[in-house]
Amino acid sequence: MGMRMKAFFGKNIALRREIMINDHLLARGIRDQAVLKAMREVPREAFVAAGMEELAYEDHPLPIGEGQTISQPYMVAYMAESLELSPADRVLEIGTGSGYAAAVLSRIVDTVRTVERIAVLVENARKRLEMLGYTNVHVLEGDGTLGWPEHAPYDAIVVTAGAPDLPRPLLMQLSVGGRLVIPVGATPYLQMLVRVRRVGEGEYRSEDLFPVRFVPLIGAAGWRESHEAG
Ligand code: SAH
């Protein structure tokens, strides 16, 4: 690549986003058209820390402050696809972080609710989502292991932090037919991504998707505070 071409490439965010779609999502099997469209629409560079915009379309998690990270694009797309979403689904996310995954989900369904326990991240995510016009995302500050009972039941719940077990409140807040996608593991930083389907009032079916590495889910039905990094 010549110098001029390189300079052009360095600045061209739209091109980088398209490469992300092709090399990281399509090439690795993401097929849900609504998910791919959403990933094309949401500017990931607006959700990473200042100075990291250049890295926004690499397929890596990035720090967002407070010892937390924005998930890698593939993981966001994979989790969204695993939720098997339809436009009218009521969706709950636990672990707002930067707000990126919530923004992606908000392009697929009418309303997204998301819970984050760290106040600074809540504040930043709210500002960012408002600035970018994602008015159908509602952010709550609190312990997401308890869900958001006021708006239950949900057709889809996604947890973007690693839990020691399936949080009972989240199982209770699933609609019949609803899906919960959540990393579960016996250690705070290594998990199996699991999809749980509520197939009847008191009947759930669980399947393992693949091994993942998320920051710990900290709360009443999660890990204790002492497992927090940094
Ligand atoms: N979905 C985010 C990535 C979040 S990283 C994004 O797209 O940027 C996981 C987040 O889960 C962190 O911000 C962490 O603070 C949060 N978290 C951990 N335990 C939580 C809990 N019990 N309730 C709500 N949020 C929690």
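Counting convention: from 1, in listed order, for ligands and their atoms alike. In this text the structure is predicted, and so the values were computed from the model without any measurement.
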So is Ala102 touching ligand 1 or not, going by heavy atoms under 4.0 Å? no

Cationic tip of Arg44 above Tyr100 ring, under 6.0 Å, 45° of axis: yes

N/O donor-acceptor pairs under 3.5 Å from side chains in residues 19-29, not counting sequence neighbours:
unit_1	atom_1	unit_2	atom_2	d
Asn22	ND2	Glu18	O	3.1
Arg28	NH1	Asp59	OD2	2.7

Atom pair CD (Gln173) and NE2 (His151), whose distance is rounded to the nearest 0.5 Å: 11.0 Å

Between Phe214 and Tyr189, ring centroids under 6.0 Å: no

What protein heavy atom sits nearest atom 9 (C) of ligand 1, and how far away is it? Thr160 O, 3.3 Å

Work out whether the distance between some heavy atom of Pro216 and some atom of ligand 1 is less than 4.0 Å. yes

So which protein heavy atom does atom 8 (O) of ligand 1 come closest to, and at what separation? Ser98 OG, 2.6 Å

Taking atom 5 (S) of ligand 1 as the reference point, the nearest protein heavy atom with its distance: Thr69 O, 3.1 Å

Hey, is ligand 1 close enough to Gly95 that some N/O pair sits below 3.5 Å? yes

Atom 23 (N) of ligand 1 has as its nearest protein heavy atom Gly144 N, 2.7 Å

Please lay out, stage by stage, how Tyr204 and Leu171 fare under the test side chain to side chain contact (heavy atoms under 4.5 Å, CB included). CA-CA 9 Å; Tyr204 295 84; Leu171 293 173; 3.9 Å; yes

Using a 4.0 Å cutoff against the non-hydrogen atoms of Gly142, which atoms of ligand 1 qualify? 23 (N), 24 (C)

Residue from Ile182, Val212, Val159 passing side-chain contact (heavy atoms from CB on, under 4.5 Å) with Gln191: Val212

From the candidates Glu141, Glu116, Met79, Arg117, the one that places a heavy atom nearest atom 13 (O) of ligand 1: Glu116

Check each of Thr96, Val158, Leu62, Asp143 against atom 2 (C) of ligand 1 and report the one with the nearest heavy atom. Thr96

Which residue and atom name correspond to the protein heavy atom nearest atom 22 (N) of ligand 1, and how close is it? Ile218 O, 2.6 Å

In short, side chain to side chain donor-acceptor pair (under 3.5 Å) pairs touching residues 121-137 with sequence neighbours left out are Arg107-Asn136

Heavy-atom closest pair (Ile64 atom, Ser98 atom, distance to 0.1 Å) is CD1-N, 3.5 Å

Hey, mind stepping through Glu93 and Thr114 against side chain to side chain donor-acceptor pair (under 3.5 Å) and telling me if it holds? CA-CA 4 Å; Glu93 179 198 38; Thr114 177; 2.7 Å; yes

Distance to 0.1 Å, residue and atom name: give those for the protein heavy atom nearest to atom 7 (O) of ligand 1. Ala101 N, 3.1 Å

Quick one: does Glu66 get a heavy atom under 4.0 Å from ligand 1? no

Closest protein heavy atom to atom 14 (C) of ligand 1, given as residue, atom name and distance to 0.1 Å: Gln68 OE1, 3.4 Å

